[in-house]
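In what follows, a structure is listed as structure tokens, so that the remarks can point back to it.
Naming convention: chains lettered A, B, ... in sequence-line order (proteins, then strands); numbering from 1 in each chain.
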Amino acid sequence: MTEIRAPLVRAHVWRSSGKVGFPLLVLVVASHIVLRPVSWRHEWFWATYQFNFVDVLLGPAAACIGAWEGRRLRQRAGLVATSARPLTAVLCHWAALAAWLAAVFAAGLVAVWATVRLAGTPGLPDGYSLLSVVPALALLAGYGAFGMIAGSAFPNPVTVPLAGMVAFGVTLFGYVGGVPEQVLQVGGATGSTATLRPRLSVIGAQTVTYAAFGLLCIVAIGATVALPRRLARRTVGIATVIAVAAGIPLFFVGAPLATHRPTVVCFGRHPTVCALPGYRKYLPAAQHTLAEFRPLAEQLGYPLPDRFTQATLPGDQVWAPLPENFLTSRDEATQRTMAANIVLSSLIPGIKSCLAPDTFQDYARVATWVQIQIEPDLAAKLSSPTQSATNALPTLADARAALERMRRLCGTQHHQ
Amino acid sequence: MTGTNTTQAGLAGVAGETSLADVTVEFGKTVALNGVSFDFSPGVTAILGPNGAGKSTLLGVLATLIEPTAGTVCIAGEPIHSRPALRRARQALGYLPQHPDYFDHLTVLEALHYAAWLKGLGAAQRREKVGAAVDRFGLQAICRQKLRTLSGGTRRRVYLASAVVHDPRVVVLDEPTSGLDPTRRADVRAVLDQLRENIVVFSTQLTEEVELLADRVLVMSAGHLVFSGTPKELAAVAGTDQPSVSVVEAALRRLTGTNGER
């Protein structure tokens with residue numbers, strides 16, 4: 001009659017504020033997944049890293065729930081303070097909250113990975129993808145601890161939303177406030193991360209810093225509640241020094257992501273198009289579209305690069321870059337327009353971002369000529385009285401001249 | 001002579017299993033306890049005194065919640081000088097604050113397990129002690145109910161059970177019967193009666209509890225311990241040997257110089 005299974009797990013985890021806040025957390029995670037584009041679905045790391053961005057929303061929610069748990073702890077101060085394991089007690093409350101946060105995070109991540117798999121992406125998340133999750137989880141736990149110390153120090157119901165707002169403000173500051181990006185950014189990528197992967201030093205430094213911050217909060221709560229004032233001050237002082245020391249390296253480890261050459265799959269010849277395995281099904285159409293530009297490039301006097309690849313690194317002069325939105329574009333006309341830009345950029349690397357005088361007009365001239373060759377209907381549209389009154393359609397000679405001017409002003413090196 | 005008007009010098013330096021030696025507590029410029037010394041022995045000790053006399057501070061010091069500004073505190077034979085000593089003292093201590101509402105979202109069993117765990121008991125010991133507490137406090141029928149669903153009196157019984165679930169040698173209770181109806185107060189007194197073999201210290205506003213429960217009485221006034229003795233000795237202050245409610249109140253008035261406000 002008096003037996004229950006795992007009473008302490010029940011008392012901590014099952015009765016945690018994290019359980020009460022779980023539906024809110026699920027809502028936040030679901031919104032993050034459902035209400036945003038799923039263009040990440042062909043890349044394991046991109047999908048994972050973009051999902052990690054949920055910390056921006058989940059963190060403030062965690063702080064709110066933590067603040068509620070902190071209030072509860074404050075109500076138990078007499079009990080915890082006279083216990084033989086006050087620090088462990090506070091730690092267990094934090095761990096229980098962190099377990100709920102981790103559970104909702106894991107559920108979201110599984111949903112994201114399932115989406116990636118259902119999109120036909122082969123394989124499984126690689127080690128880097130898995131590792132990138134660790135600091136995101138540590139940061140969430142840190143937010144929870146922040147909420148707990150806020151709720152414990154100011155056990156007023158108003159503290160609950162305030163803790164969330166402060167957490168959100170700090171996060172925003174971390175993303176847009178000029179703070180080194182590795183300090184608070186654990187995810188978020190609006191474009192492909194095909195040639196990027198997390199740096200292990202940043203993962204390590206972030207995890208250590210966030211965990212140290214969380215532990216500092218927990219020690220501060222435990223010491224304030226349970227230790228004599230002088231002993232509490234000394235304990236918190238020592239913990240602060242350790243936490244600050246643990247966090248210092250994070251400011252010096254550099255950017256969270258580093259470039260790398262990924263493994264790609266390729267299709268076709270002249271040109272060969274290569275992309276991450278998740279894009280395999282898009283390669284034939286992409287290759288066909290790009291191949292249409294081969295004779296045009298030759299007419300302009302520049303050979304089309306022999307290989308287009310998603311695995312182009314900055315400064316790479318060997319292969320022409322291939323953006324993922326071109327690969328996945330379902331509309332033929334849009335894909336052609338994008339291909340025109342890709343091809344032009346590939347002929348003279350750097351021209352798209354060139355700011356030399358008249359470059360824009362030259363680029364438009366060449367692009368229009370290319371478009372007309374691919375879509376003869378466009379010539380008719382552009383020859384309408386209103387259009388022709390202002391601009392004559394560019395000829396091949398015009399296009400070649402414009403391209404030559406751009407090469408002189410902006411070009412770096414011609415693809416081989 | 002029946003009563004003992006305690007002199008600070010007379011008790012200073014008293015050593016014992018649980019004792020306060022020349023304990024002073026200051027909150028800023030306010031002196032909440034002023035050189036209080038007392039040697040607690042097994043049995044029930046009631047602390048009386050008017051509001052602001054230092055009763056709660058004294059209990060806070062005994063419960064290791066308040067660090068004395070000066071003086072020595074010894075709990076269950078453990079002088080509190082260091083963290084390990086504090087930990088050992090707390091293992092031997094059961095404390096119930098005046099308004100304990102910390103278990104409300106737990107079931108009775110969870111609350112008892114949690115309290116036993118906080119006191120450092122291992123899993124096997126916890127099971128045994130929780131089972132014993134459930135039987136001792138008659139909680140079988142409500143084991144799986146959440147505390148917030150229980151009546152005030154029943155909840156108080158559970159709090160009391162959780163405070164002593166680990167069989168502490170020293171039990172410190174801050175007004176354990178306040179806010180309870182006479183029947184529930186009698187229930188709590190019955191429980192305290194069972195704990196008599198330990199050192200039980202409780203504060204109270206109800207003079208009837210001195211008569212019904214206490215083996216010893218401490219009277220506090222303005223941070224000073226102004227009386228310590230048996231209920232009969234307290235009655236003697238009022239000129240009689242029967243510690244009835246009115247006698248105790250008269251004695252208190254005489255000792256603290258108040259109009260019976262406690």
Exercise for the section: Tell me, please, whether A/Phe154 has A/Arg74 positioned over its six-membered ring: NZ or CZ under 6.0 Å from the ring centre and within 45 degrees of its axis? Expected result: no

Is it the side chain or the backbone of [X] that comes within 4.5 Å of chain A heavy atoms, both, or neither?
| X | result |
| --- | --- |
| B/Arg88 | neither |
| B/Leu121 | backbone |
| B/Pro84 | neither |

Quick check on [X] against chain B: is it the side chain, the backbone, both or neither that has a heavy atom closer than 4.5 Å?
| X | result |
| --- | --- |
| A/Leu79 | both |
| A/Thr235 | side chain |
| A/Arg72 | side chain |

Exercise for the section: Look at B/Asp104 together with B/Lys146 and state whether they make a salt bridge at an N to O cut-off of under 4.0 Å. Expected result: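 The answer is no: the pair does not qualify as a salt bridge.
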
Exercise for the section: List the atom of B/Thr18, the atom of B/Ala76, and the distance in Å for their closest heavy-atom pair. Expected result: OG1-N, 2.9 Å

Practice task
Compute the ring centroids of A/Phe51 and A/Phe105, then answer whether they are less than 6.0 Å apart.
Solution key: yes

Handout entry: Any pair counted as salt bridge (Lys or Arg N to Asp or Glu O under 4.0 Å), so long as it reaches residues 231-244 of chain A, sequence neighbours left out
Key = none

Problem - side-chain contact (heavy atoms from CB on, under 4.5 Å) partners for A/Thr207, two or more places apart - result: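 Testing A/Thr207 for side-chain contact (heavy atoms from CB on, under 4.5 Å), a comparison that skips the adjacent residues, returns A/Val134, A/Pro135, A/Ala138, A/Ile203.
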
Exercise for the section: For each of B/Trp117, B/Tyr114, B/Tyr95, tally heavy-atom pairs with chain A at distances under 4.5 Å, and name the one with the top tally. Expected result: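 Option with the top pair count is B/Trp117.
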
Handout entry: Pick from A/His12, A/Arg10, A/Arg229, A/Arg85 with the largest number of heavy-atom pairs that fall under 4.5 Å of chain B
Key =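 Ranked by heavy-atom pairs under 4.5 Å with chain B, first place is A/Arg85.
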
